[in-house]
Protein chains: 2
Amino acid sequence: MNDYEIEFKNYLKERGLKFTPERALILKAVFSLHKHFDIDQLWEKLHKKDNRLSRATIYRTLPLLLDCNLIQETLRCQGRVRYEHIFGHQHHDHMVCLKCGKVTEFREEKIEKLQEEVCKRYNFKSVEHRLGIRGYCQKCQKKLR
Amino acid sequence: MNDYEIEFKNYLKERGLKFTPERALILKAVFSLHKHFDIDQLWEKLHKKDNRLSRATIYRTLPLLLDCNLIQETLRCQGRVRYEHIFGHQHHDHMVCLKCGKVTEFREEKIEKLQEEVCKRYNFKSVEHRLGIRGYCQKCQKKLR
DNA sequence: TCGTAATTGAGATACAGTCTCAATTATACC
DNA sequence: GGTATAATTGAGACTGTATCTCAATTACGA
Ligand SMILES: [Mn+2]
Ligand SMILES: [Mn+2]
Ligand SMILES: [Zn+2]
Ligand SMILES: [Zn+2]
């Protein structure tokens, strides 16, 4: 059994919730998608395997996965919420190309540290943060010229 | 005439668009709100002065104000897009309290610099960035204890 | 195996945001 | 000032994402 499955089962058990086949399928799909995804992309992937699984169940399951830190919201794109699995991955931030939509992940230790300093300065207890840089990727800059 | 009004008029003129009384009202309201606001708060404020002004006109005007950098989107709150006027103000980032919703603005020069470095490293041409830290403000931390 | 509370799918509903269209109006030009 | 014309407006219809309802089903502890 995968680590993320153990994690999710514990989370559910502690709260008296059930580990259903539907939730198992969704969990598996979430960790087999290795890019950022939105609900429709997830539904399409799941629909192929079990065409009874309803959108409502996906909408009901994602908040659970968020709450136990298996996934997180990333930048919104055209009004849609996008997600990525984070369990087993290091925290990182994002750059998004305004032309082609390409997402680049980066981690800058110094920025992480400075954020902690800022929080200390304001007596703010940080839970999470999100840094998104919008602009143009290398390829799209060339095309614009 | 205010600087922001000159700015907006120039923007409109360059594009063959009109400076209408409705747009003037919206612009004025946007710069008289000194906190982050959403469309409904803006509509309420405007409705008092001119109850004919329609929501559609507000929805049509805000993208113009965004495009000429008079305002910017800030963090979303409960599914609603929130805005703040930025013309004449220095760029800053935000901390949001998950309990009381309090927004604290901060500017950390070193973080701004480091972001530029990261962009250079990836040959990414930055247009704008948004850093949001979610957590608990000083008051709400005390209440939780 | 049983009892029960959680969960499900399907469709209804909510609601922010966009679009349509006929009537109105700002502005460039004379 | 007057006129032509393309932009703009309000009202309400419409879209699409996300949530809710409810009867039927099911996971799981005892
Ligand atoms: Mn990522
Ligand atoms: Mn601000
Ligand atoms: Zn690109
Ligand atoms: Zn607070």
Side-chain angles (χ1 to χ4, degrees), chain A residues 1 5-6 8-30 36-44 46-68 71 73-83, chain B residues 1 5-6 8-30 36-44 46-68 71 73-83:
Chain A
M1 203 193 303
E5 204 170 312
I6 295 169
F8 194 35
K9 277 188 177 173
N10 286 341
Y11 170 87
L12 293 172
K13 200 164 206 173
E14 280 170 15
R15 286 160 183 77
L17 305 177
K18 296 173 182 176
F19 186 73
T20 63
E22 290 83 3
R23 286 175 180 171
L25 273 176
I26 293 168
L27 181 66
K28 199 178 164 193
V30 159
H36 296 194
F37 61 90
D38 62 33
I39 299 243
D40 262 21
Q41 291 168 332
L42 185 58
W43 184 79
E44 261 183 60
L46 284 163
H47 195 67
K48 285 177 194 162
K49 301 205 170 174
D50 177 357
N51 61 12
R52 281 170 314 167
L53 202 144
S54 101
R55 279 192 157 83
T57 300
I58 299 180
Y59 275 107
R60 284 187 284 231
T61 302
L62 287 197
L64 301 175
L65 298 178
L66 282 168
D67 193 43
C68 68
I71 65 173
E73 265 188 41
T74 62
L75 302 181
R76 277 165 200 259
C77 235
Q78 290 133 2
R80 287 181 175 192
V81 182
R82 298 182 67 78
Y83 303 89
Chain B
M1 203 192 304
E5 204 169 313
I6 296 169
F8 194 35
K9 277 188 177 172
N10 286 342
Y11 170 87
L12 293 171
K13 199 164 208 173
E14 279 170 16
R15 286 161 182 75
L17 306 176
K18 296 172 181 174
F19 186 73
T20 64
E22 290 83 3
R23 285 174 179 169
L25 273 176
I26 293 168
L27 181 67
K28 201 179 163 195
V30 160
H36 297 193
F37 61 91
D38 63 34
I39 297 240
D40 263 21
Q41 292 169 331
L42 185 56
W43 184 80
E44 262 182 60
L46 285 162
H47 195 66
K48 285 177 193 163
K49 301 205 169 171
D50 178 356
N51 61 13
R52 279 170 314 169
L53 203 143
S54 98
R55 279 192 157 82
T57 300
I58 298 181
Y59 275 107
R60 283 187 285 231
T61 302
L62 288 196
L64 301 175
L65 297 178
L66 280 168
D67 193 43
C68 69
I71 64 172
E73 265 188 39
T74 62
L75 303 182
R76 277 166 200 258
C77 237
Q78 292 135 3
R80 288 183 174 191
V81 181
R82 298 182 68 79
Y83 303 89

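Labels below follow one simple rule: chain letters A, B, ... track the order of the sequence lines, proteins then strands, and each chain is numbered from 1. On a predicted model such as this, the values are computed, not experimentally measured, just so you know.
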Trainee: For D40(A) and for A56(A), locate the closest nucleotide of DNA chain D by heavy-atom distance; then report the residue assigned to the nucleotide nearer the 5' terminus.
Mentor: D40(A)
Trainee: Please examine the side chains of Y83(B) and I39(B), heavy atoms only from C-beta on, and report whether any two atoms are closer than 4.5 Å.
Mentor: yes
Trainee: Measure the distance from CZ on R55(B) to P on dC19(C) and round it to the nearest whole Å.
Mentor: 18 Å
Trainee: In whole Å, what is the span from the CG atom of D38(A) to the C1' atom of dG16(D)?
Mentor: 13 Å
Trainee: Check whether any side-chain N or O of R60(B) sits under 4.0 Å from OP1 or OP2 of dT8(D), and answer yes or no.
Mentor: no
Trainee: Find out whether L42(A) and L62(A) are in side-chain contact, i.e. whether some heavy atom of one side chain is under 4.5 Å from a heavy atom of the other.
Mentor: yes
Trainee: Below 4.0 angstrom from OP1 or OP2 of dT9(D), is there any side-chain N or O of T20(B)?
Mentor: yes
Trainee: Closest to the K18(B) side chain: dA27(D), dA11(D), dT8(D)?
Mentor: dT8(D)
Trainee: When the distance from CZ of R52(A) to P of dG11(C) is rounded to whole Å, what number comes out?
Mentor: 15 Å
Trainee: Indicate yes or no: at least one non-hydrogen side-chain atom of D40(B) is less than 4.5 angstrom from one of R80(B).
Mentor: yes
Trainee: Any non-hydrogen side-chain atom of D67(B) less than 4.5 Å from a side-chain atom of R15(B)?
Mentor: yes
Trainee: What is the separation between atom CG on L62(B) and atom P on dT9(D), rounded to the nearest whole Å?
Mentor: 12 Å
Trainee: Nearest heavy atom decides the nucleotide; on that basis, is F19(B) or L64(A) closer to the 5' end of DNA chain C?
Mentor: L64(A)
Trainee: Do L12(B) and R23(B) have side chains that approach each other closer than 4.5 Å (heavy atoms only, starting at C-beta)?
Mentor: yes
Trainee: Atom CG of L66(A) to atom C1' of dA18(D): distance rounded to whole Å?
Mentor: 14 Å
Trainee: Tell me: CZ of R80(B) to P of dC15(C), nearest whole Å?
Mentor: 9 Å
Trainee: Any side-chain N or O of R23(B) below 4.0 angstrom from OP1/OP2 of dT9(D)?
Mentor: yes
Trainee: Atom CZ of R15(A) and atom C1' of dA27(D): how far apart are they, to the nearest Å?
Mentor: 18 Å
Trainee: Compare side-chain N and O positions of Y59(B) against OP1 and OP2 of dT18(C) and report whether any pair is under 4.0 Å apart.
Mentor: no
Trainee: Taking atom P of dG16(D) as reference, at what distance in whole Å does atom CH2 of W43(A) sit?
Mentor: 15 Å
Trainee: For L17(A) and for E22(B), find the nucleotide of DNA chain C with the closest heavy atom, then tell me which residue's nucleotide is more 5'.
Mentor: L17(A)
